[in-house]
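Starting from 1, each residue takes its place in the sequence as its number.
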Amino acid sequence: MPVHSSSNSIALLSACKEAFLMQLAPALRTTAELRFTQHAPTLITRLSQLYATRFADDVQLKNWCLQLMQVMADALQARPAGLQALDQQRSQQPDWFTREDRLGYCAYTDRFAGTLQGVIQRIPHLQQLGVTYLHLLPFLKARAGENDGGFAVSDFNQVEATLGSMQDLEQLTQALRESGISLCSDFILNHVADDHPWAIAARAGDAKYRDYFYHYPDRTVPDQFEATLGQVFPQVAPGNFSYIDALQSWVWTTFYPYQWDLNYSNPAVFLDMTAAMLQLANRGIEVFRLDSTAFLWKRPGTTCMNQPEAHWILQCLRCITEITMPGVLLKAEAIVATRDLPAYLGDAQRGVQECHLAYHSSLMAAAWVAVAEQDTSLISAVIAGTPQLPPNTSWLSYVRCHDDIGWNVLRPEASLQATDVEQRLSAVSQFFAGQGDSFASGASFQASDPAAVHGTVGMAAALCGLSRATDAEQSRTAVQRQLLLYGLSFCFGGMPLIYMGDEFAQENNEDYRSVAAHQYDARWLHRPQWNEALATRSQTAGNAAHLCSSGLQRLLQWRRKLPQLQAQAARRLLHTNSSSLLAFSRGEAHAPFVFIGNFSDQPQTVTLSVLAQQLPSAQPSGSAISGCWKTPDGAVPPDILLIPAWSQCWLIASNLSATGVN
């Protein structure tokens, strides 16, 4: 780590402050100075740690930092007045996105509505659900041909032509904002497409842009790295390096050969990526899903994941947005083990802020394991290992997304309970691929080795058994399983996310195999086109779509009435008499909320007066506890509560006392 004198650091901070503020209109300076004073010390410290050794002396480092100040000032100066007002409002309510009435929705633009303009026409549907956050999967200009579902970006300044234009994007963000919905866009931090202008320039021999990427003349260094690296797509894109003839070099390509990893040890990369993100934010994007954040920094002898410098980069981006546009949220897409996940939200004890949101992929995967095994021990271990959130942050809790369900993220927890983790997780993968005595209709992902642990693809309804249901009862059971998973995501603690089609139990997209561009990627199994007929059918009773839609709406109505479910509310695991039951409490001691889920095909019972003894307001050991339990709609349950198969119970306990058992 470079060593700098405190006087040099103070001088650099002072020079940056002066350069930043002098570029702003007088009306912006007072607020900007307050934000700068609060966040710039961390920014300058981290930038120095990242890049000081890349410059010959402190003068060059200063000049580069001043370039960054210019980028930041230009973005703030150009920020539309309406977005500046939103920044000011959210600065005063920094927990605005953690409330119990927050709800996300995720979809591909073309699959959901055809175009960005088409999404505007779908806003009433989103409002009916209560959506406050819309994640549209990549809509920027993507590589021609194979492009990883749009994650191989060719230009950060253009929208994919088939979806619309930048003007359409601005109209959409305005319409969403007027409807109380924030637009989330993917911002692919780790890599660009091989036809991005930087890659084209590098291929043409431009030395500046060659160093935007990792390139090696032979296999010596790549082989050293490969000794400790994992593989993301071992079947279709084995290895982490691709030979590029035009460069006569091996280029780092973690995901696909056409996605070139960016070299963040080069400060020019950080500068240009920051400028691209701020420009998109000024078009009205309010949330950035920062893709592949765990991979941003490379270090020999490691997995090149979760490196300290990757966190420093994210902390710098957080400081930059806090200074220039604090109404914007950053979301970490870090699909890592539970123990590595909290760092992406920062560290309150050390005063470190990082991303506002992070996917809780371990929670999602463990919930599906509970469905397959009819046992909640693994998900209980994940919940037990999930710490309290730092202030003004939130988990992103979800059931399905555009990607596969990756079981390997659960290895640490699974290793605590099974002697053969490989066998256990492989059995779960095979179960959801429909093998053996299974109700699921999914498929394995990257299934080149039958003995390996493969990811799982498929829509939630299909994985829950709807596609194999042969009668109304089996259909109802499949819907109950899906609602149980969504109920967990609504109650766990964070912003829940609905994946397009799940609101009316849409099933797999079997047509993807006939599309040449999609055949190689089984994830298209769970990327169907919006089914208008199914959406209409969900409004009429007597079918699975309606059961799912009405059940989901009921849970969402309950959630919006329960302040105990805001992200920061405390969570406590509760013990039951059955390994098939998952129970935990949320919220304040005087009126805690309790979620009980039955992850089995048999009814289970729980004695509420016994459960109450574990709540935060429980009396000393040995005291009898009486409680007044109610459901969110006011019903009073019996003390010995029967929970049907694949069902859930939401309860509020209040007036706990030591006066005896009712």
Side-chain angles (χ1 to χ4, degrees), residues 1 39 41-43 45-50 94-95 97-98 187-190 228-230 232 254 261-262 264-265 270 273 277 287-299 301-322 328-366 381-398 406 408-413 415-416 492-495 567-568 570-571:
M1 184 180 296
H39 298 286
T42 298
L43 173 63
T45 297
R46 291 306 192 211
L47 291 174
S48 297
Q49 290 174 316
L50 284 164
D95 63 347
F97 60 94
T98 70
F187 189 66
I188 292 81
L189 276 179
N190 181 70
T228 54
L229 294 178
V232 179
T254 295
D261 284 38
L262 290 166
Y264 274 96
S265 69
F270 180 88
M273 290 296 284
M277 188 182 76
V287 187
F288 287 101
R289 175 188 177 275
L290 303 179
D291 185 68
S292 306
T293 52
F295 296 89
L296 294 180
W297 199 267
K298 322 300 185 187
R299 175 169 281 112
T302 73
T303 62
C304 295
M305 293 180 67
N306 307 311
Q307 297 301 300
E309 292 86 350
H311 288 288
W312 297 349
I313 290 167
L314 298 177
Q315 290 163 26
C316 287
L317 293 176
R318 173 66 181 267
C319 290
I320 289 167
T321 56
E322 290 289 349
V328 170
L329 300 180
L330 302 180
K331 178 174 64 173
E333 190 261 345
I335 309 304
V336 297
T338 308
R339 63 171 179 256
D340 297 320
L341 188 56
Y344 288 90
L345 293 173
D347 185 332
Q349 290 186 340
R350 294 190 297 123
V352 175
Q353 291 184 316
E354 201 157 311
C355 293
H356 303 80
L357 295 158
Y359 286 90
H360 203 322
S361 54
S362 298
L363 178 75
M364 176 275 298
V382 168
I383 293 174
T386 301
Q388 178 70 16
L389 287 163
N392 306 322
T393 63
S394 181
W395 299 117
L396 199 294
S397 57
Y398 62 113
N408 286 317
V409 74
L410 294 172
R411 283 182 180 273
E413 289 88 1
S415 66
L416 300 174
F492 171 78
M495 183 190 296
Q568 298 290 328
R571 177 178 51 254

Roughly how far apart are [X] [atom1] and [Y] [atom2], rounded to 0.5 Å?
{"X": "Asp261", "Y": "Leu189", "atom1": "CG", "atom2": "CG", "answer": "11.5 Å"}
{"X": "Ile188", "Y": "Ser292", "atom1": "CD1", "atom2": "OG", "answer": "8.0 Å"}
{"X": "Leu290", "Y": "Ile313", "atom1": "CG", "atom2": "CD1", "answer": "11.0 Å"}
{"X": "Phe97", "Y": "Leu329", "atom1": "CZ", "atom2": "CG", "answer": "5.5 Å"}
{"X": "Leu396", "Y": "His356", "atom1": "CG", "atom2": "NE2", "answer": "14.0 Å"}
{"X": "Leu47", "Y": "Thr42", "atom1": "CG", "atom2": "OG1", "answer": "10.5 Å"}

Looking only at non-hydrogen atoms, find the nearest pair between [X] and [Y] and report the distance.
{"X": "Trp297", "Y": "Ala310", "answer": "CB-N, 4.0 Å"}
{"X": "Ala567", "Y": "Thr393", "answer": "CB-O, 4.1 Å"}
{"X": "Tyr344", "Y": "Thr293", "answer": "CE2-OG1, 3.7 Å"}
{"X": "Gly406", "Y": "Ala365", "answer": "O-CB, 4.1 Å"}
{"X": "Arg571", "Y": "Thr386", "answer": "NH2-CG2, 3.5 Å"}
{"X": "Asn190", "Y": "Phe295", "answer": "OD1-O, 3.3 Å"}

Discussion item. Using the side chain to side chain contact (heavy atoms under 4.5 Å, CB included) definition, which of the options Leu314, Asn306, Leu262 pairs with Leu296?
Written reply: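 Result for side chain to side chain contact (heavy atoms under 4.5 Å, CB included) with Leu296: Leu314.
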* To do: Apply the side chain to side chain contact (heavy atoms under 4.5 Å, CB included) test between Leu330 and each candidate in Leu357, Leu317, Ile320; give the one that qualifies.
  =>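 In the set Leu357, Leu317, Ile320, the residue that makes a side chain to side chain contact (heavy atoms under 4.5 Å, CB included) with Leu330 is Leu317.
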In the structure I gave you, are the side-chain heavy atoms of [X] and [Y] within less than 4.5 Å of one another anywhere?
{"X": "Met277", "Y": "Phe288", "result": "yes"}
{"X": "Ser362", "Y": "Leu410", "result": "yes"}
{"X": "Phe187", "Y": "Asp291", "result": "no"}
{"X": "Gln568", "Y": "Asp95", "result": "no"}
{"X": "Thr98", "Y": "Asn392", "result": "no"}
{"X": "Phe270", "Y": "Leu50", "result": "no"}
{"X": "Arg318", "Y": "Cys355", "result": "no"}
{"X": "Gln307", "Y": "Lys298", "result": "no"}

For the residue pair His360 and Trp395, does the interplanar ring angle fall in the parallel (under 30°), tilted (30 to 60°) or perpendicular (over 60°) class?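 Ring orientation of His360 relative to Trp395: tilted.
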- Between Glu333 and Arg289, does at least one N-O distance fall below 4.0 Å, as a salt bridge requires? yes
Q | Trace of the side chain to side chain contact (heavy atoms under 4.5 Å, CB included) decision for Leu341 with Val336 | A | CA-CA 6 Å; Leu341 188 56; Val336 297; 4.2 Å; yes
For atom CZ of Arg299, is the number of surrounding heavy atoms from other residues, nucleotides or ligands below 6.0 Å larger than 12?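 Yes, CZ of Arg299 has more than 12 neighbouring heavy atoms, counting only those of other groups under 6.0 Å.
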**Request:** Verify the distance criterion only: is there a donor paired with an acceptor across the side chains of Arg46 and Gln49 at less than 3.5 Å?
**Result:** yes
Decide yes or no on side chain to side chain donor-acceptor pair (under 3.5 Å) for Glu413 and Thr338, but give the supporting numbers first. CA-CA 9 Å; Glu413 289 88 1; Thr338 308; 2.7 Å; yes
inquiry  = Would you say the rings of Tyr359 and Tyr398 are close, in the sense that their centroids are separated by under 6.0 Å?
reply    = yes
